[in-house]
Amino acid sequence: MLNEVTISRGIIQAYLQKLSNSLELDVAIVGGGPSGLVAGTYLAMAGKNVALFDRRLSIGGGVWGGGMMFNEVVVQEEGKTVLDELGFQCQPFEPGYYTLDSVYLASGLVHKAVCSGLKIFNLVSMEDVVIKNKRVAGLVINWGAIETLKWHVDPLTLHASFVLDATGHPANVTEVLVRKMGVTLDTATGGMVGEKSMDAETAEMDTVNNSKEVHPGLFVSGMAANAVCGGYRMGPVFGGMLLSGKKVAQAMIEQGNRM
């Protein structure tokens with residue numbers, strides 16, 4: 001017979017063990033969109049202790065809605081290479097363009113990431129970063145509902161060798177760092193340049209080129225990279241997002257191996 005207390009105890013103990021194992025990480029990712037999920041997948045496949053935090057209930061960022069709630073997305077030839085590596089199927093549309101169902105892509109990215117070993121904490125928000133020796137060295141976290149309600153409840157803290165800002169257009173992690181610490185970033189202005197308007201082709205290249213370490217210990221990817229470094233937006237074409245996540249994962253793996 002089912003015992004309600006046993007069910008509750010199982011959830012509590014399993015969750016607390018997962019959280020406890022994530023207090024000292026190789027990489028902490030903030031944001032569960034495509035670039036964050038892809039980065040987490042490649043990092044986990046490389047054997048890194050990596051966890052992803054997203055304040056929302058669902059994981060997948062803007063993928064679910066496709067373009068204007070038409071739940072299909074487009075990837076170009078370069079982006080398809082990541083889909084091929086991760087085992088996704090897509091349909092050719094015109095030369096160099098491929099389509100795939102956005103629900104399939106979002107759910108598949110989450111499934112692939114978790115099966116690869118990425119620990120995902122939804123409903124958890126990032127309040128602040130940890131600074132050690134002028135380097136981003138972890139996160140200050142709280143429940144997403146606490147952030148929404150604006151209650152004064154003290155957070156918890158975790159350490160990480162690297163933090164990835166994959167929070168999309170707001171670039172929440174970088175914004176907090178600049179606002180509270182007044183740091184100089186590796187950007188054209190030394191600050192957050194801001195996202196530009198739509199230019200899909202340029203934006204796809206920008207998304208990859210801007211995905212990098214912008215302050216010691218802090219990497220940016222996806223639309224957060226364009227918001228920080230001044231790239232264009234691209235809409236529902238996702239190849240750059242996928243390539244961005246793979247690029248920063250490889251950079252963190254290489255840098256971590258040298259540390």
Side-chain angles (χ1 to χ4, degrees), residues 11-12 14-41 43-44 49-65 106-107 109-110 113-114 118-132 135-181 183 185 192 195 214-215 217-228 241 244-245 248 252:
I11 291 170
I12 292 167
Y15 186 90
L16 291 180
Q17 185 62 58
K18 181 169 61 176
L19 181 60
S20 180
N21 291 341
S22 300
L23 295 180
E24 293 182 295
L25 296 165
D26 294 314
V27 179
I29 300 171
V30 184
S35 72
L37 287 168
V38 169
T41 299
L43 287 160
N49 186 18
V50 55
L52 184 151
F53 303 86
D54 195 303
R55 64 188 175 189
R56 293 162 295 189
L57 175 63
S58 63
I59 304 298
V63 177
W64 294 99
S107 59
L109 286 173
V110 174
V114 173
L118 175 66
K119 295 181 288 293
I120 294 179
F121 296 90
N122 58 333
L123 301 170
V124 175
S125 65
M126 178 279 315
E127 281 193 9
D128 205 346
V129 295
V130 177
I131 300 293
K132 300 287 186 183
R135 177 185 177 88
V136 175
L139 296 175
V140 180
I141 59 172
N142 214 326
W143 298 117
I146 296 296
E147 178 187 47
T148 300
L149 294 167
K150 301 187 185 303
W151 286 353
H152 180 72
V153 177
D154 281 329
L156 295 177
T157 304
L158 61 91
H159 288 170
S161 299
F162 301 103
V163 170
L164 173 61
D165 185 349
T167 59
H169 302 273
N172 296 119
V173 183
T174 312
E175 187 278 329
V176 166
L177 176 66
V178 171
R179 173 168 48 85
K180 300 188 76 170
M181 296 300 297
V183 301
L185 302 175
M192 292 183 64
E195 177 189 309
V214 293
H215 184 77
L218 176 63
F219 282 76
V220 292
S221 68
M223 281 312 302
N226 284 349
V228 170
M241 298 289 190
S244 167
V248 292
M252 286 184 279

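The figures that follow rest on heavy atoms only: side chains count, while hydrogens, waters and symmetry mates do not.
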Using the side chain to side chain contact (heavy atoms under 4.5 Å, CB included) rule, take Val129 and Leu218 through it: C-alpha gap first, then chi angles, then the decisive distance, then the call.
CA-CA 10 Å; Val129 295; Leu218 176 63; 5.9 Å; no
Is Ser35 reaching over with its side chain to a backbone N or O of Gly245, donor-acceptor style, under 3.5 angstrom?
no
If you define the side chain from C-beta out and look only at heavy atoms, does anything of Met252 sit under 4.5 Å from Phe219?
yes
Ignoring hydrogens and angles, tell me if any N or O in the side chain of Arg135 forms a donor-acceptor pair with the backbone of Phe162 under 3.5 Å.
no
Using a 4.5 Å cut-off on heavy atoms from C-beta on, say whether the side chain of Val110 contacts that of Leu37.
yes
Please report the shortest heavy-atom distance between Leu118 and Val50, naming the atom on each side.
CD1-O, 3.6 Å
Non-hydrogen side-chain atoms of Ser107 and Trp64 separated by less than 4.5 Å:
yes
When rounded to the nearest 0.5 angstrom, what distance separates CD1 in Ile59 from CG in Asn122?
5.0 Å
On a heavy-atom basis, the closest approach of Asp54 and Gly32 is OD2-N, 2.7 Å
Validation row: Met241, Met223 side chains within 4.5 angstrom (heavy atoms):
yes
Which heavy atom in Met192 sits nearest to a heavy atom in Glu175, and how many Å separate them?
SD-CA, 3.5 Å
Distance-minimising heavy-atom pair for Val228 and Ala171:
CG2-CB, 3.8 Å
Will you find, in the side chains of Glu195 and Asn226, an N or O donor that is under 3.5 Å from an N or O acceptor?
no
Give, for atom CH2 of Trp143 and atom CD of Glu127, the distance between the pair rounded to the nearest 0.5 Å.
12.5 Å
Quick one: does Met126's side chain get under 4.5 Å of Val140's, heavy atoms only?
no
Pairwise distance CD(Glu147) to CG(Asn172) - rounded to 0.5 angstrom
7.5 Å
Heavy-atom side-chain contact between Val220 and Leu164 under 4.5 Å
no
Within the structure provided, determine whether Asp128 and Lys180 are in side-chain contact (heavy-atom separation under 4.5 Å).
yes
Drop me the distance from Ile141's CD1 to Ser22's OG, to the nearest 0.5 angstrom.
8.5 Å
Check against side chain to side chain contact (heavy atoms under 4.5 Å, CB included), Leu158 and Phe53:
CA-CA 12 Å; Leu158 61 91; Phe53 303 86; 3.3 Å; yes
Quick check: closest heavy atoms across Gly138 and Val163, and the distance to 0.1 Å?
O-CG2, 3.9 Å
Roughly how far, to the nearest 0.5 Å, is CG of Asn49 from CG of Leu25?
5.0 Å
We want to know whether Thr174 and Asp165 form a side-chain donor-acceptor pair, criterion being a heavy-atom distance below 3.5 angstrom.
yes
d(Leu123 CG, Asn142 CG) to nearest 0.5 Å is 12.0 Å
Closest approach of Thr167 to Ala224 (non-hydrogen atoms, all atoms of both residues):
N-CB, 4.0 Å
In this structure, which one of Val124, Thr157, Val130, Val30 forms a side chain to side chain contact (heavy atoms under 4.5 Å, CB included) with Leu139?
Val30
Quick one, Phe121 and Tyr15 - any side-chain contact, counting heavy atoms below 4.5 Å?
yes
